[in-house]
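Okay, structure first, notes after.
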Amino acid sequence: MNILFASGKGGAGKTTVTAGLSAFLPRPFVLADADVEAPDLGLYLPHHFTSHESVELEVPKAITDRCDLCGECVAICQFNAIKKLAVPHHAVL
Ligand code: SF4
């Protein structure tokens, strides 16, 4: 049996529900917290985690002197992770 809790929104309760549900899961089981920004399941259940593996995430860096704010990257980002804000051209990003 595989159970997955997923949401693009933080604070939805994924970690809390997972930690609570784990008390009722038949042993043995595997818990994996794949939250790249705040993997907090280990804080709820420190005795359940026997190994940790660090992962790295590349973070894009804006090249402000080459960006003309056309917004094309907003349209093509499959994760909807880029927002175009009303930033004046002279603003330092
Ligand atoms: S695609 Fe995005 S990063 Fe590239 S010039 Fe346009 S707004 Fe700037």
Side-chain angles (χ1 to χ4, degrees):
M1 172 175 45
N2 296 318
I3 302 172
L4 170 70
F5 294 102
S7 171
K9 180 188 174 306
K14 303 175 294 292
T15 302
T16 303
V17 170
T18 301
L21 187 63
S22 71
F24 303 99
L25 293 175
R27 268 59 172 169
F29 59 79
V30 174
L31 294 174
D33 190 343
D35 189 323
V36 295
E37 294 177 340
D40 294 336
L41 190 56
L43 299 176
Y44 284 75
L45 304 167
H47 53 286
H48 282 286
F49 283 79
T50 56
S51 67
H52 294 84
E53 181 177 337
S54 296
V55 295
E56 294 184 12
L57 177 68
E58 292 185 37
V59 177
K61 182 178 179 187
I63 304 173
T64 55
D65 60 332
R66 293 172 57 187
C67 176
D68 64 5
L69 301 175
C70 72
E72 194 171 322
C73 54
V74 176
I76 64 172
C77 178
Q78 65 178 317
F79 303 107
N80 198 25
I82 303 173
K83 291 267 187 248
K84 182 178 178 182
L85 304 175
V87 178
H89 260 297
H90 63 276
V92 177
L93 299 176

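This is a predicted model, so every value here is computed, not measured. In each ligand, atom 1 is the first atom listed, and ligand 1 is the first ligand listed.
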What about Val17 and Leu45, same hydrophobic cluster or not, with Ile/Leu/Val/Met/Phe/Trp/Tyr joined at side-chain heavy-atom distances under 4.5 Å?
yes

Do Phe5 and Met1 belong to the same hydrophobic cluster, where Ile, Leu, Val, Met, Phe, Trp and Tyr are linked whenever their side-chain heavy atoms lie under 4.5 Å apart, directly or via other members?
yes

Hey, does Thr15 have a side-chain heavy atom less than 4.5 Å from the side chain of Asp35?
no

Between Thr18 and Asp33, is the side-chain contact (heavy atoms from CB on, under 4.5 Å) condition met? List the steps.
CA-CA 9 Å; Thr18 301; Asp33 190 343; over 6 Å; no

Could you list who else is in Val74's hydrophobic cluster, with ILVMFWY side chains joined at under 4.5 Å, directly or through other members?
Ile82

Arg27 side chain to Leu25 main-chain N or O, any donor-acceptor pair under 3.5 Å?
yes

Can you pull the residues with any heavy atom under 4.0 Å from ligand 1?
Cys67, Asp68, Leu69, Cys70, Gly71, Glu72, Cys73

